[in-house]
Amino acid sequence: MSSLIHNLARFLEMNRDQYLWHAISVVFYWYIAIAIHDIFFHPLARCPGPWISKFSQLPNFYHAIKGDRHIWIWQNHQIYGDKVRIQPNEVVFLAPQASRDIYGSKANVRRSKSYEAWKTVKEANTILTIDPAAHARKRRILNQAFTEKSVKHATEFVSVHTERWIDLISQEKDITTDDGWTRTRNMSDWNDWLVFDILGDICFGRSFDIKEPGPNPIRVMPRLVIKHVQMFYPILQSPFMKFFVWAKPKGLDYLLKLVTPQEVKNYYKFIGDSCKSEQDSRLDMFHFLCNARDPVTNEPYTESALRGEAAMLIVAGSDSTSSVLAGFWFYISRNERAYRRLTDEIRTTFTASEEIKSGPKLASCVYLYACIDESLRMVPAGPSELAREVLAGGATINGEHFPPGVVVGCAPWAMGRNELIFGDSTKFRPERYIPSETTGISVEDVSRIKSYYNPFLIGPGNCAGKNIAMAEIAIVIAKTLFRVDLRAVPGEDLGAGHPSMGWGRRDENQYQVEDAYITVHEGPMLQFKKRMV
Ligand code: HEM
């Protein structure tokens with residue numbers, strides 16, 4: 001007792017420097033204790049993975065800043081195998097069963113807390129709702145905007161915008177040469193403009209018109225959305241993520257609003273105005289959202305929830321579609337054989353561009369859909385893992401039990417490059433999706449790869465817009481290749497790998513992207529020539 005009083009007295013007599021020194025020591029020993037726990041006693045202690053990642057989030061954070069987490073995760077699978085501990089509390093998997101166990105309808109998981117950090121308004125939209133019951137309720141309402149009827153209406157807008165887009169990309173000849181090819185087009189920009197215009201139209205009944213020539217304040221939006229996501233993504237992959245989520249409703253959101261660029265405010269104003277105007281005059285998706293009711297409670301969306309969902313649709317549907325299209329243009333313009341086969345298929349199936357619309361004729365273009373599947377594999381909409389947190393009771397993943405609180409996931413970039421499933425996984429080879437005696441590919445081979453790799457995800461959080469996205473991509477590609485020839489601009493390699501780029505990025509025939517939860521992409525640079533039809 002006397003020594004306790006003695007120590008207390010000494011503590012009270014310390015000066016400021018000594019207090020500081022003691023505080024640093026306490027933090028240091030606390031961190032060492034946690035590190036020892038994480039390395040030796042954590043439920044994931046026996047999972048293989050980079051040594052530092054066992055007790056620190058710094059490697060994960062570092063790669064999020066560099067934008068190459070997807071490559072880092074793929075490298076770790078190469079080194080450590082099917083199961084890798086990439087953060088003290090997180091494991092990623094490559095095995096086929098793992099993806100079903102994590103994302104399937106029976107999985108005892110929810111979206112991880114990092115999703116909450118994206119919230120900009122009080123009420124989360126569907127994709128940011130992490131509570132499974134609340135998510136299911138929102139999803140039931142949202143599904144009513146994605147019925148067969150609404151998808152059919154949506155594809156009509158897709159056709160109109162695509163025809164105009166092809167007019168624009170195929171005009172303006174390159175005046176430095178006399179070979180009839182157009183000026184160089186950065187397809188990432190052109191895809192963004194097209195997809196944004198389509199989404200504006202199908203979500204709000206108002207096109208953003210950013211593909212049209214001339215000044216347009218909304219044209220910067222696709223890039224701004226990407227920049228915004230790129231800025232936040234490292235925070236969500238950092239040791240500060242929990243603090244960030246905690247601080248947002250306590251004033252941080254207010255501060256973030258103050259530094260929001262004016263263009264972003266204009267964009268939200270556009271969405272707000274669109275939500276208010278002529279909701280019933282057109283069968284756009286907003287019309288379906290406005291009229292949607294929860295089938296159980298019969299409740300409609302509240303006004304702010306409606307606005308949140310509409311804004312989400314633009315974000316969820318724009319970069320995803322644009323990046324897959326960018327990947328497609330990259331690979332098709334560098335693979336003469338695939339280009340010839342695809343253009344032959346499209347140009348013999350249709351006799352006029354106006355004929356190209358959703359329906360049996362388009363569905364009969366087997367090679368077109370194989371090319372789309374292959375592009376979705378090579379360039380996933382989100383290259384790194386879609387993180388899920390194990391709920392009370394734990395979860396069995398690939399035959400192994402994981403306790404509540406652990407974060408798990410599968411990373412599409414690494415899955416798409418799994419050589420055990422795809423063999424020549426770095427090759428753009430659409431034939432792998434077509435059963436044929438000539439190539440020796442059986443129906444079972446195709447269903448094996450399709451059940452392994454699900455670009456639109458499976459289970460309760462899968463992509464609500466899958467049917468629209470597939471129809472949109474098919475129509476854009478088919479109409480474009482029907483009306484124009486295209487080529488990669490000689491000597492231009494924007495988006496391509498390079499020997500100087502290091503492990504996982506050296507192959508010049510592979511399209512390179514950055515990871516920011518979404519897929520950040522540049523190029524390819526293409527030229528077009530109108531066909532005489
Ligand atoms: C090639 C294009 C697309 C791909 C590959 C894709 C893929 C995905 C994936 C993987 C998710 C799950 C994300 C997560 O859990 O973090 C998702 C969610 C979602 N996607 Fe897509 N998507 C595409 C296009 C679209 C389009 C065009 C729309 C709508 C117009 C859309 C609407 C949604 C919505 C609403 C969700 C959230 C679903 C939920 O939380 O229940 N997507 N998408």
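Both counts, for ligands and for their atoms, begin at 1 and track the order of listing.
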Considering only non-hydrogen protein atoms, determine which one is nearest to [atom] and report residue, atom name and distance to 0.1 Å.
| atom | answer |
| --- | --- |
| atom 23 (C) of ligand 1 | S320 OG, 3.3 Å |
| atom 39 (C) of ligand 1 | H135 NE2, 3.3 Å |
| atom 40 (O) of ligand 1 | R111 NH1, 2.8 Å |
| atom 13 (C) of ligand 1 | Y517 OH, 3.7 Å |

Knowing that exactly one of W165, W190, F208 qualifies, which makes a ring pair (Phe, Tyr, Trp, His ring centres under 6.0 Å) with F196?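 Result for ring pair (Phe, Tyr, Trp, His ring centres under 6.0 Å) with F196: F208.
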Less than 4.0 Å is my threshold; does some heavy atom of [X] fall inside it relative to ligand 1?
| X | result |
| --- | --- |
| I314 | no |
| E385 | no |
| K138 | no |
| L142 | yes |
| M312 | yes |
| K466 | no |
| I202 | no |

Show me which atoms of ligand 1 lie under 4.0 Å from any heavy atom of [X].
| X | result |
| --- | --- |
| L199 | 30 (C) |
| I473 | 1 (C) |
| G461 | 12 (C), 41 (O) |
| G317 | 25 (C), 26 (C), 27 (C), 28 (C) |
| A381 | 4 (C), 5 (C) |
| V324 | 1 (C) |
| P455 | 5 (C), 7 (C), 10 (C) |

Full working for salt bridge (Lys or Arg N to Asp or Glu O under 4.0 Å) between K66 and E514: CA-CA 8 Å; K66 271 181 78 193; E514 283 193 19; over 6 Å; no
Can you confirm whether more than 12 heavy atoms, excluding those of Y62, are under 6.0 Å from its OH atom? no
Other residues, nucleotides, ligands: >12 heavy atoms within 6.0 Å of K361 NZ: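 Result for NZ/K361: enclosed.
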Does the side chain of [X] come under 3.5 Å of the side chain of [Y] through a donor N or O and an acceptor N or O?
| X | Y | answer |
| --- | --- | --- |
| H521 | S188 | yes |
| D515 | S384 | yes |
| R334 | N509 | no |

Below the 3.5 angstrom mark, is there an N/O of R139, backbone or side chain, next to an N/O of ligand 1? yes
When you compare ligand 1 with T321, is there at least one nitrogen or oxygen pair between them that comes in under 3.5 angstrom? no
Worked verdict on E309 versus K138 for salt bridge (Lys or Arg N to Asp or Glu O under 4.0 Å): CA-CA 10 Å; E309 295 294 337; K138 290 190 179 185; 5.2 Å; no
Selection from [options] by shortest heavy-atom distance to [atom]:
| atom | options | result |
| --- | --- | --- |
| atom 8 (C) of ligand 1 | A136, S318, C463 | C463 |
| atom 33 (C) of ligand 1 | S114, A316, A154, G382 | A316 |
| atom 3 (C) of ligand 1 | Y103, F456, Y115 | F456 |

Quick one: are the ring centres of H153 and F157 less than 6.0 Å apart?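 No, the ring of H153 stays outside the 6.0 Å limit from the ring of F157, centre to centre.
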Tell me whether R417 forms a cation-pi arrangement with W74, defined as NZ or CZ under 6.0 Å from the six-membered ring centre and within 45 degrees of its axis. no
Would you check, one step at a time, whether the test salt bridge (Lys or Arg N to Asp or Glu O under 4.0 Å) holds for R429 with D424? CA-CA 9 Å; R429 193 166 58 79; D424 55 350; 2.8 Å; yes
Using a strict 4.0 Å threshold on nitrogen-to-oxygen distance, state whether R223 and E522 make a salt bridge.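 A salt bridge links R223 with E522.
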Carboxylate-amine/guanidinium proximity below 4.0 Å for E156 and K357: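 No salt bridge links E156 with K357.
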Could you go step by step and tell me if K113 and E389 meet the salt bridge (Lys or Arg N to Asp or Glu O under 4.0 Å) rule? CA-CA 8 Å; K113 286 198 186 71; E389 184 186 317; 3.4 Å; yes
